[in-house]
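Take a look at the structure below.
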Amino acid sequence: MAEKHVYRFGHDEAGNNVTEVAGKTVDEAKWITGGKGANLAEMANIGLPVPPGFTITCQTCVAYSGAGNVWPEGVLDEIDEYRKDLEKRMGKKLGDENDPLLVSVRSGAPFSMPGMMDTVLNLGLNDRSVLGLIKKTNNERFGWDSYRRFIQMFSDVVMGVDGQLFEDAINEKKAEKGVKLDTELDAADLKDLTETFKGIFAKNVDSQAHPEVAPDGIASFPQDPLLQLRLAEQAVFGSWNTPRAILYRKQNKIDDTLGTAVNVQVMVFGNMGETSATGVAFTRNPADGTNERYGDFLVNAQGEDVVAGIRNTEPIADLPKTPGLEQAGKDLYHVFEILEDHYADMMDLEFTIQEGKLWMLQTRVGKRTALSALKVAMQMVEEGRITKEQAIMRVAPEQLDQLLHPQFDPKAKYDVIAKGMNASPGAAVGAVVFSSDAAVSYKNREKPCILVRWETTPDDLKGMVAAEGILTSHGGKTSHAAVIARGMGAPCVCGAEALKIDAKAKEVVVSGTDVVLHEGDIISINGTTGDIIKGAVPLTRPSLTGDLETILTWADDVRHDASRGRIFGVRTNADNPADAQLSVDFGAEGIGLDRTEHMFLGDRKQIIQSFILADNDGQKQQALGQLLTAQTGDFEGMFKAMDGKTVIVRLLDPPLHEFLDNPRDLAVEIARAEGRGETESQLKAMRDRLARLDSFQEANPMLGLRGCRLGIVYPELNDMQVRAIASAAAHLIKQGLNPKPEIMVPLISTVEELKLVREQVEAGVKAVAEAEGVELDIPIGCMIELPRAAVTADEIGQYADFFSFGTNDLTQTTFGFSRDDVESAFIPQYLSKKILKTNPFETLDYGVAKMVKMGVEGGHKANPTIVCGVCGETGGDPDSIHMYYDLGLDYVSCSPYRVPVARLACAQAKIESNGGPKKLEK
Ligand code: PEP
Ligand code: MG
C-alpha cells in the first residue's frame, strides 16, 4: 500500500465521526501524526467536541526537509483531497465570499515542544472572504480583527517579517485614537490597520526570496487561500529546524530525526463576544499535585491573547459561574472527568468556547514538577486508575533531584551574571572564597561560603567539604569538581568560562559585565541550571515526602522480584563512613566502589609521599606502618556503617603525581631560596627532593603508572591495603558484626596482571585470617575499564569473582578522549555538529556499551557465577541504567545522592524491558 501522508479527524457533514487513526493507541499514532494530531483524533473518537481537520504526518516533514524543502511526489495532491473533503464536511470553502471556511495550521511533533514551533490562525481570509465572514457573522469588527491578525501572524511566522512592525502600527493607531486597549479599536480602525499591515508585508517581504508571493516581482499579501495554506504548511515544517527548536530537543534529548506533523483544523473563535472565551487548563495541579482543576480563561479572546498576557486571565473555577458561559463551563468540567478516565493521567488541555459552545483544541499528558508527579501517581493508584507499576513509570528519575537538594525559592527574582555547566544539582548561597584554607576558615566561623576555583584538585577536598557549593571556570560535568560535588551532594557549577579568576588577587572579573567579585562577596549558584547570581537568593529546603518513600519502596519491590526478570541492585560510590551512612539512608544496598585513594588526603598525603620518595627501607616501612594503622581504622568505620552489606574496596588507582607535590612549585621555592642567598648545603635537600619528584613525572599520567600497575611495582602498597581490609573485617567479626568486604583491582589490561595480584591478595587475606583466628571469605574481582580487558574478559574472568565496569576510563580509552580536557573544550561542538548524540561521559555511548557487552559475555563464559556491575559516572544516569539492565548487569553503583534516582530508574528499566508500561514522555 502506498504510504499515507494525511489523516483526518472529527465529524462529517452529517455529524458522524470520520476520524482516521494512525495507530491502535495514541502512543503508536503519535510517531506518525504527532502528539497533537494523535490526541485530537483520540478526543474525536471518545466523543469530545473537536473542530474537524486533518493531519499531515511527521514522516512527510522528514521527507520534505530531507529533500531540501521539496514536497514528496503526490503529497500535495493527497493534501488537496483532504482539503476538499474538509470543505465538504463543513459545507464551506476556503476563500468563499459569502461564508468562508477558516482554518488554523499548527505544528505537533511526537513529543511536545511548547512554544518552539509555528502556528498560523484564521487562514483563508483575503480581501473578499473577509466580507463573507462579516456578512455571515454580522460582525464587522470581528471580521477585520480576524483578517488583521491573520496578516500579522502569516507575515511573522511564514515570511519572517519582524512582528514588532505590526505592534508598532497598532500602537500608532491607538495613539491616534487616544485609546489604551486593542479592544477599544473599532471596525473602521481595524480595517485601516489591515491596509497598513498589507503595506508592511509588501515593504518587508523580499520578493526575490519569495517569488511565490510576488508574481509581478512586487511582494503582496497572497490572496489565494490554497497558496496561503501551502506556505503555512511549509513554514510549520521549517520550524522543526529553527535554532531554538534544535536547542530544545538537545536539552530534552529528543531525536532530531522525528519531524513534526501539521494539523489543519477548522477555526473556532473565542473572540465572538461575551459568550465566547478561550483557555488552558490541567486536570490536576501540575505544581504540587493537588487534586483540583487548574488553569485560566479569558472571555472574548483568541488563544494568543492568553499567552501574551495582555489582559488578566480568570481562574478556571470561575468559568461555570460566568454569565453566558455556565453551560460551556459545566461541559468543560465534564470533559476533565472524561479525559482523566480515558487517559488515566493528569492531562493538560486547550479549549475555546464559541458563542456558548465548547470546543477542544488540544490535550496531552500534563507536564509536572517532581512533587506533582509523585502526588498524582499516588492519588491515581488510590483511585484505582493505574497500577503501582504504572505509577513507577510516571515519575521521571531525573526529576527526583529537585526533591533532594535545596533549591532557589521559585518566587525569588534575580539577575544571572554568568552561566556555567549544571554539574551537581541544588542551590547554594555563600561568600566567595578562593582557597580551601579560606573555605575551612569560613566554615569554622560558621559563615557559609562558595569555593571559587579555576578547577579543583584532590587537594581541595577539605575546602569542598567546608563550602556550601563549588564554582569553577574550567572543566566539564565529569571534571574533578563535578564528580566530587555530586558525590558529596554539594551544588556545583563548573566550566563558567566568563569568570576570570585571579586567586592571588582574590578577585573574579565576570567578562561581558562590569561585575567584579572579591573574597567575602555573597553569591548564589544554582547547580541545577548552571546560573550564577550576585547576592543572596532565598533557598527552599528539600522536603522528603512520604510519597517519595512509598514510590521508591514499590520500585525496590520490582527490582528485587526475581520472578519478573533479573534482580537489579543499587550500590553507591562512597569512601567515608558519613557518605556510606547517607547512601544507606537513601537506600543503597552496598558500596560498589570505595576509592581508597580518597582516604590518602590531608595528613595522610605526607605519609604516602614519604613512602614514595623514601630513599631507605626504614623510612618506607615506617610510612607503611602508619598507613596500615590509619587504613585499618578507615575500613572498620566503613564496614561498620555498611554492616551486612557488600563493600567493594578498590586498591590504589590514581596516577602517582596526584600524591606528589608539583615540582614546579618546588622549583620556584628553590629559586626564591637562591635569591635569598641560601648556601648550596642548605639548598641540597630541596634539590634532591626536586630530582626525586622529577623522576616520577609522566608525560601522560592517566596512561602511566597507575591502577594495578602501582601495586605491581610497589607490592608493599597492596600488602598494606589487603592487611588493613582483612584486619578490619577480622576485628568486626570478633565483635559479632557481619562485614562483607570485597577487593577490587583497578585498571587491569591482561589476565596475568590479575592472576599475579590475586595470588598476592589471597596470601595476604590468609595470613590475617590465621593471625586473627577468624575465617575470612573476601571475594576478589577487578575493574573492566580498558578496552583490552573488555575484549579479553573471557580470560580475565577466570580469576575474577566479580567485574565492575569503570565507564569513566573505558569511555576515555575507547574514544581516546581525556575527559578533563575534552568535556568543556569541544564536546559541546561535537554535540552541536551532531558528531555525538549525547555526551558519552554522561550517558553510556553505544560503542562503549559494546565493550561492556563483550566484557559481560566474556566474564560469564569464564565464570558463570560472576557478578557484574558498573561504577563509572554513567551508573547514576537513568538512560544508561536502562542500557545496563539490557546488557545483563546485576547492579549499578553511583554517588549517594543519585541512589534514589537509580532505584527508580532501575525499576523502570526492568519494567520496560519486560514489556510493561512505558515511561512518561519527555
Ligand atoms: C571509572 O573509570 O569509571 C572509575 C569508576 O574509576 P575512576 O573514575 O576512579 O577512574
Ligand atoms: Mg577508572
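Only a predicted model underlies this, so the values are computations on that prediction, with no experimental measurement involved. Just follow the structure's listing: the first ligand is 1, and inside any ligand the first atom is 1.
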Do T865 and N863 meet the criterion of a side-chain donor-acceptor pair at a distance under 3.5 Å? yes

Compile the protein residues with any heavy atom at a distance under 4.0 Å from an atom of ligand 1; present them by chain, then by number. L593, R595, R650, D653, R706, M783, E785, G806, T807, N808, D809, C871, G872

Neighbour count above 12 (heavy atom, 6.0 Å) for K853 NZ: no

Any chance you could lay out the side-chain hydrogen bond (donor to acceptor under 3.5 Å, both in side chains) test for Q812 and D809, step after step, and finish with the verdict? CA-CA 5 Å; Q812 298 200 103; D809 274 308; 3.0 Å; yes

Using a cut-off of 6.0 Å, state whether more than 12 heavy atoms not belonging to K645 lie near its atom NZ. yes

Assert yes or no for the condition that the ring centre distance of F659 to F611 is strictly below 6.0 Å. no

Give the intermediate values and the outcome of salt bridge (Lys or Arg N to Asp or Glu O under 4.0 Å) for residues D845 and K837. CA-CA 9 Å; D845 161 75; K837 264 194 174 164; over 6 Å; no

Under 6.0 Å between ring centres, would you say that holds for F826 and F817? yes

With L593 as reference, evaluate D653, D575, N573 under the side chain to side chain contact (heavy atoms under 4.5 Å, CB included) test and give the passing residue. N573

Quick one: name the protein N/O/S atoms under 2.8 Å from the Mg ion (ligand 2), chain by chain. E785 OE1, D809 OD2

Decide, yes or no, whether a salt bridge links E589 with R559 under the criterion of side-chain N to carboxylate O below 4.0 Å. yes

